[in-house]
J.: 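Take a look at the following structure, please.
All values reported here derive from a predicted model rather than from experimental measurement.
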Amino acid sequence: MDGEIVVAHLTDPHLDLGSPRGAEFLSKRALSWLNWKRKRRRIQSPALCRMIVDDIHARSPDLIAMTGDLVNFALEEEFRRGRDWLERLGPPERVAAVPGNHEALAPGMADRLATAWGPYLAGDDGQPGFPWRRELGPITVVGISTAVATPPFFATGTVGPAQLARLDAMLGAIAAEGRFALVLIHHPPTPITVWRKRLTDGPAVCACIARHGAGLVLHGHTHKPELSWIDSPAGRIPVLGAPSASWKPGPKRDGAAWRCLRLSADARGWRLTMEERAATEDGIVARTPLEFVLPAPAGRDARAPLVSAEPADRMPRNAAGPRP
Ligand SMILES: [Fe+2]
């Protein structure tokens with residue numbers, strides 16, 4: 001793994017793996033199921049999602065990062081079939097996942113999810129719980145859970161004070177070790193979503209990441225290409241969101257895509273080349289790669305060159321800043 005490290009980022013596939021029955025409707029699942037039947041099912045494409053998985057496999061990444069919403073209704077059947085899907089995606093040493101709001105659509109499902117997906121949702125120590133950390137050469141991958149059950153019409157996420165305290169200690173240790181931190185989280189911590197879909201403690205999470213100087217944050221949730229930033233003493237940290245891995249493209253909708261992230265370090269610091277690869281009826285279409293110079297680990301050299309090499313307006317859409 002010397003030299004370049006390749007991370008595949010896919011998110012929000014919302015796989016069609018089961019529907020609620022009987023008493024399973026007695027929750028927010030009923031609303032979500034109606035939305036799925038009326039709208040979402042028609043814009044999901046298993047075929048596009050399969051193209052994306054095949055394209056990822058063809059590139060043999062060092063790690064596949066899945067940032068949540070693999071399922072729709074947080075049903076045990078979906079968790080079980082979701083585990084089968086994850087196993088086809090790759091072994092747990094090569095696939096790291098964090099849960100999304102749809103994995104927590106009904107209360108009390110967190111333990112069942114942890115049992116079903118096991119090592120895919122865990123760090124190198126194999127223990128359930130968040131945040132977790134995994135070592136990937138000189139990179140430490142950190143997984144955060146924002147998945148909490150919410151009232152109808154809300155899709156917010158929350159990290160919570162206990163997890164935030166553990167995250168603070170973990171990012172502090174990673175910075176002291178001089179390692180590059182790559183953070184995986186479902187909800188964007190920056191204020192780029194509508195209020196009812198926000199990360200409720202996003203400002204505290206951003207402050208924690210800024211304090212210790214992570215190198216890069218990857219998220220899902222918005223189903224759009226996103227670029228926002230966390231300002232830290234070591235420089236601006238890119239916060240990159242990917243489109244859904246299964247949506248059909250439409251006039252107001254980004255189609256299915258994944259991101260191929262190539263990370264490398266030289267004497268000047270860490271660099272990232274990000275190529276978005278979209279699945280279309282004509283095959284995979286690669287968009288022009290974006291290049292970034294990333295903040296150095298805070299514990300090693302806070303004076304390294306720090307600011308993104310590319311302006312946000314090169315992003316396809318929704319590049320930066322809050323949306324209404
Ligand atoms: Fe989603």
Side-chain angles (χ1 to χ4, degrees), residues 1 5 7-12 61-71 74 79 82-83 86-87 89-104 109-148 157-189 199 201-202 204-206 208-209 211-221 237 239-240 261 263 297 299:
M1 205 176 291
I5 293 174
V7 176
H9 179 208
L10 85 161
T11 194
D12 295 77
D62 298 298
L63 182 77
I64 302 174
M66 202 291 291
T67 49
D69 282 4
L70 185 66
V71 304
F79 291 168
R83 169 68 184 245
L86 285 167
E87 288 179 359
L89 188 60
E93 314 86 74
R94 291 288 177 107
V95 179
V98 293
N101 49 296
H102 280 259
E103 274 84 44
M109 298 306 291
D111 289 347
R112 294 176 189 186
L113 181 71
T115 301
W117 292 2
Y120 288 97
L121 279 182
D124 287 335
D125 63 7
Q127 297 299 310
F130 296 91
W132 51 249
R133 67 178 277 182
R134 293 187 183 198
E135 313 312 326
L136 184 67
I139 291 177
T140 298
V141 185
V142 174
I144 300 173
S145 175
T146 58
V148 292
T158 299
V159 172
Q163 185 183 184
L164 195 55
R166 294 192 296 273
L167 178 67
D168 194 56
M170 185 178 284
L171 290 179
I174 293 166
E177 294 162 20
R179 294 178 62 79
F180 180 97
L182 167 59
V183 174
L184 308 182
I185 186 168
H186 180 70
H187 292 76
L199 184 65
D201 46 6
V205 174
C206 286
C208 179
I209 290 171
R211 190 155 54 246
H212 302 295
L216 179 63
V217 179
L218 303 180
H219 70 83
H221 193 49
I237 301 164
V239 180
L240 295 170
L261 306 164
L263 290 149

J.: Please enumerate all residues that pass salt bridge (charged side-chain N to carboxylate O under 4.0 Å, His left out) together with E135, with sequence neighbours excluded.
T.: R133, R179

J.: How far apart are the closest heavy atoms of L199 and P189, and which atoms are they?
T.: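 Smallest interatomic distance, heavy atoms only, reads CD2-CA, 3.8 Å.
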
J.: With a 4.5 Å limit on heavy-atom distance, are the side chains of L70 and E103 in contact?
T.: yes

J.: What are the two closest heavy atoms between R83 and P119, and how far apart are they?
T.: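 Nearest pair, atom of R83 first, then P119: NH1-CD, 3.9 Å.
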
J.: Partners of A96 by side chain to side chain contact (heavy atoms under 4.5 Å, CB included), sequence neighbours excluded?
T.: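 Result, side chain to side chain contact (heavy atoms under 4.5 Å, CB included) vs A96: L63, W132, R134, L184.
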
J.: So does A122 get a backbone contact from the side chain of Q127, meaning a donor-acceptor N/O pair under 3.5 Å?
T.: no

J.: Hey, are the side chains of L182 and L218 touching, using non-hydrogen atoms and a 4.5 Å cut-off?
T.: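 Side chain of L182 against side chain of L218, heavy atoms only: contact under 4.5 Å found.
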
J.: Within the structure provided, determine whether I237 and V183 are in side-chain contact (heavy-atom separation under 4.5 Å).
T.: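 Of all side-chain heavy-atom pairs linking V183 with I237, none is under 4.5 Å.
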
J.: Applying side chain to side chain contact (heavy atoms under 4.5 Å, CB included) between I185 and each of T67, V217, V98, report the one that passes.
T.: V217

J.: Kindly write out the residues that satisfy side chain to side chain contact (heavy atoms under 4.5 Å, CB included) with A8, not counting sequence neighbours, or none if the list is empty.
T.: I56, P61, I64, W258

J.: Compare every heavy atom of V71 with every heavy atom of H102, then report the nearest pair and how far apart it is.
T.: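 Minimum heavy-atom contact is CB-O, 3.3 Å.
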
J.: Measuring from L10:CG to M66:CE, what's the distance to the nearest 0.5 Å?
T.: 7.0 Å

J.: Can you tell me how far the CG atom of L240 sits from the OG1 atom of T11, to the nearest 0.5 Å?
T.: 12.5 Å

J.: Which value, rounded to the nearest 0.5 Å, describes the distance between C208 atom SG and I144 atom CD1?
T.: 7.5 Å

J.: CD1 of I139 to CD1 of I174: how many Å apart, nearest 0.5 Å?
T.: 11.5 Å

J.: Measure from the side-chain N and O atoms of D12 to the backbone N and O of G220, and report whether any donor-acceptor pair falls under 3.5 Å.
T.: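 Checked: no pair found.
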
J.: What are the two closest heavy atoms between I5 and P138, and how far apart are they?
T.: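 Answer, listing the atom of I5 first, then P138: CD1-CD, 3.5 Å.
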
J.: Show me the pairs that pass side chain to side chain donor-acceptor pair (under 3.5 Å) and involve residues 161-174, at least two apart or across chains.
T.: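 As it turns out, the side chain to side chain donor-acceptor pair (under 3.5 Å) pairs with a partner in residues 161-174, which skip direct neighbours, are D168-R211, D168-H212.
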
J.: Can you list everything that forms a side chain to side chain contact (heavy atoms under 4.5 Å, CB included) with P91? Sequence neighbours excluded, please.
T.: E93, R94

J.: Could you pull out the closest heavy-atom pair between A181 and L171, with the gap in Å?
T.: CB-CD2, 4.2 Å

J.: Tell me the side chain to side chain donor-acceptor pair (under 3.5 Å) pairs involving residues 110-120, sequence neighbours left out?
T.: E76-R112

J.: Please list, chain by chain and in numerical order, all residues satisfying side-chain hydrogen bond (donor to acceptor under 3.5 Å, both in side chains) with D69, sequence neighbours excluded.
T.: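 Per chain and number, D69 pairs via side-chain hydrogen bond (donor to acceptor under 3.5 Å, both in side chains) with H14, H186.
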
J.: With rounding to the nearest 0.5 angstrom, report the CG to CG distance, L164 to D201.
T.: 6.5 Å

J.: Would a distance-only check, ignoring hydrogens and angles, find a side-chain to backbone donor-acceptor pair under 3.5 Å from D62 to V7?
T.: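 Absent.
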
J.: What are the two closest non-hydrogen atoms of P99 and F130, and how far apart are they?
T.: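 In terms of heavy atoms, the two residues are closest at CD-CZ, 3.6 Å.
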
